[in-house]
**Q** 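Sharing a structure below in structure tokens format, with a few things to ask.
Predicted model only: the values in this text are computed from it and were never measured. Here is the naming used below: chain letters follow the sequence lines, and residue numbers restart at 1 for every chain.
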Protein chains: 2
Amino acid sequence: MSDSAQDTALQDSRTLADRVFSRLQDDIVLGALPPGTKLGETELAARYGVSRGPLREAIRRLESRKLLERVPHVGTRVASLKASDLIEIYRVREALEGMAARLAAENMTDDDVASLRELLSRHEQQQDLKEDTAYFQREGDLDFHYRIIQGSHNRTLIDLLIGEIYHLVRMYRYQFSMTANRPQKALAEHRRIIEAIESRDGEMAELLMRRHISRARENIEANNP
Amino acid sequence: MSDSAQDTALQDSRTLADRVFSRLQDDIVLGALPPGTKLGETELAARYGVSRGPLREAIRRLESRKLLERVPHVGTRVASLKASDLIEIYRVREALEGMAARLAAENMTDDDVASLRELLSRHEQQQDLKEDTAYFQREGDLDFHYRIIQGSHNRTLIDLLIGEIYHLVRMYRYQFSMTANRPQKALAEHRRIIEAIESRDGEMAELLMRRHISRARENIEANNP
DNA sequence: CAAGGCTGGATTGTTGACAATCCAGCCTTG
DNA sequence: CAAGGCTGGATTGTCAACAATCCAGCCTTG
């Protein structure tokens, strides 16, 4: 098995720069390239087996997404992030995901809602088994939020949250190895949000989602003096 | 005077790709390159006097900002936008600028607030002179919103709105040659928002800003069946 | 005459080489 | 011995040529 040329073969459709973009983004978000790492273009080009041209295109895109910091004529490094940045992001999440919840309550299909309710049930069962570990809950939490965002049926909003914001959130989670330390409460909040969506109460869904994210932010603020 | 090499000389600091990025973005937003225009790389490279390398980096960044649509192996064209897209964007603006107004009420310095109040006075005077024309008001409207966004003191929020959203809004305005057709009402709404900020009432500022943008959206929806 | 395949031209994707810029470390100098 | 300038090496920025892909229009064929 040739180390990593395998996955490259799978996604043969897109262009080289696109694949490098995806792989680099994964390596950054998942922590293979820790924050602050200096990224030499020649070195990276060799690592991914491409020339510097496509690599630079990928770098420019990741720079737009705030995953890389670049200084002209000096170099680019993996964005290293302060807790205050994460708090800023949570303010944005509060606004955007609140709107997403409102629109989801208005626009989700009945099937979508049923499927979401079923997802919650699975989470509650997992919760019974392993009380506070909440490892799966962490990714499950993302699943839950992803579904509601998609349910807004607002392409602009979806692209902003999934494409621009959530990569940063996930990177922070890995970086600070943030374990959701209030899983039962979060789960209860999820349940109330779903109830609001089920009754097609957009205003209530928005209110509850904003509280939900606001509390997560307060939790972060408390743990990062 | 050499046509446009002038402005290029002014901003000599940044890299070539950065300058091409700015110029191309202006040409798109201001309408020099109308929506749907096919952008040949060779042709563009000649037009801006650069090679295709930096040009492609600029294109990738503009693609991230939704100003260009690219199809691999086929080409890139200026994003051509439907009214439904603009409505989606206004939902996002409602959420984000609502939050910005809340944070501005909490975080703006007293000097910022005073300066904002003064800006409003200028707009009201202009309004007295030319009743409904509202040409300056249109750009003045942007000024007003820019100030409040900056006043949030939330770098993430500012970059999102100024860097990603507002270019699209401005492009739409030029494309549809949208003239704000309710300037007095808009101005009155601006005044009430400022009053909320002056009294440091974040909740009220957010509520009023959301209504303000929501009404603009309804106005668009009414005029685009 | 319509439908489908094919070919030539043009455009995009990629590459490796060349030029400009920066910086660490040495050397000079007060 | 500290401060400041300089140089060599390395890295980034830019370019022009080469390869891969696509598509419009022609030609063949039923």
Side-chain angles (χ1 to χ4, degrees), chain A residues 2 4-5 7-25 27-28 33-34 36-80, chain B residues 2 4-5 7-25 27-28 33 36-65 67-80:
Chain A
S2 59
S4 63
D7 6 17
T8 317
L10 293 176
Q11 7 175 317
D12 218 358
S13 51
R14 305 175 297 175
T15 183
L16 248 191
D18 290 333
R19 281 175 292 189
V20 170
F21 170 79
S22 293
R23 292 182 59 188
L24 229 181
Q25 175 167 263
D27 286 346
I28 294 170
L33 295 172
T37 308
K38 174 83 183 299
L39 296 185
E41 293 185 359
T42 314
E43 165 207 347
L44 268 190
R47 168 171 180 165
Y48 294 118
V50 298
S51 181
R52 282 178 52 217
L55 179 75
R56 283 175 63 93
E57 293 177 25
I59 287 178
R60 288 317 252 267
R61 282 171 64 186
L62 289 169
E63 188 195 355
S64 291
R65 294 199 173 181
K66 308 267 194 231
L67 289 174
L68 293 181
E69 293 169 349
R70 203 174 59 83
V71 179
H73 296 282
V74 173
T76 83
R77 50 182 60 241
V78 179
S80 90
Chain B
S2 58
S4 64
D7 6 17
T8 318
L10 293 176
Q11 7 176 316
D12 217 359
S13 50
R14 305 175 299 176
T15 184
L16 248 192
D18 290 333
R19 280 176 293 189
V20 171
F21 170 76
S22 292
R23 292 182 59 186
L24 194 58
Q25 176 168 263
D27 286 346
I28 294 170
L33 296 172
T37 307
K38 173 84 183 299
L39 297 184
E41 294 185 358
T42 314
E43 166 208 346
L44 267 190
R47 170 170 179 167
Y48 294 117
V50 298
S51 182
R52 283 178 52 217
L55 179 75
R56 283 175 63 92
E57 293 178 24
I59 288 179
R60 288 317 254 268
R61 283 172 64 184
L62 289 169
E63 187 195 354
S64 291
R65 293 198 174 182
L67 289 174
L68 293 181
E69 292 169 349
R70 203 175 60 84
V71 179
H73 297 283
V74 173
T76 82
R77 48 183 61 243
V78 180
S80 91

**Q** Start at the 5' end of DNA chain C and walk down; is the nucleotide closest to A:Val74 or to A:Ser51 reached first?
**A** A:Ser51
**Q** Ignoring backbone atoms, test whether B:Arg70 places a side-chain nitrogen or oxygen under 4.0 Å from the OP1 or OP2 oxygen of C:dG13.
**A** yes
**Q** Relative to the 5' end of DNA chain C, which residue comes earlier, A:Arg52 or A:Ala17, by the nucleotide with the nearest heavy atom?
**A** A:Ala17
**Q** For C:dA10, give the paired nucleotide (Watson-Crick: N1-N3 plus N6-O4 or O6-N4; G-U: N1-O2 and O6-N3; both under 3.5 Å), or none.
**A** D:dT21
**Q** With a 4.5 Å cut-off on side-chain heavy atoms, are B:Arg61 and B:Asp18 touching?
**A** yes
**Q** So, for A:Gly36 and A:Ser80, which heavy atoms are closest and what is the spacing to 0.1 Å?
**A** N-CB, 4.0 Å
**Q** Heavy atoms only: give me the nearest A:Ala79-A:Lys66 pair and the separation to one decimal.
**A** CB-O, 3.5 Å
**Q** Does C:dG13 have OP1 or OP2 sitting under 4.0 Å from an N or O in the side chain of B:Arg56?
**A** yes
**Q** Name the nucleic acid region contacted by A:Leu39, choosing base, sugar-phosphate or nothing; use a 4.0 angstrom heavy-atom cut-off, strictly under.
**A** sugar-phosphate
**Q** According to a strict under-4.0 Å criterion, is B:Thr15 in side-chain N/O contact with OP1 or OP2 of D:dT12?
**A** no
**Q** Under a 3.5 Å cut-off for both distances, is C:dA2 Watson-Crick or wobble paired, and to whom?
**A** D:dT29
**Q** Roughly how many Å is it from CG in A:Asp18 to P in C:dG13, rounded to a whole number?
**A** 9 Å
**Q** Give none if D:dC15 has no partner; otherwise give the nucleotide forming a Watson-Crick or G-U wobble pair with it, both distances under 3.5 Å.
**A** C:dG16
**Q** Using a strict cut-off of less than 4.0 Å between a Lys/Arg side-chain nitrogen and an Asp/Glu carboxylate oxygen, indicate whether B:Arg60 and B:Glu57 qualify as a salt bridge.
**A** no
**Q** From NE2 of B:His73 over to P of C:dT12, roughly how many Å is that when rounded to an integer?
**A** 12 Å
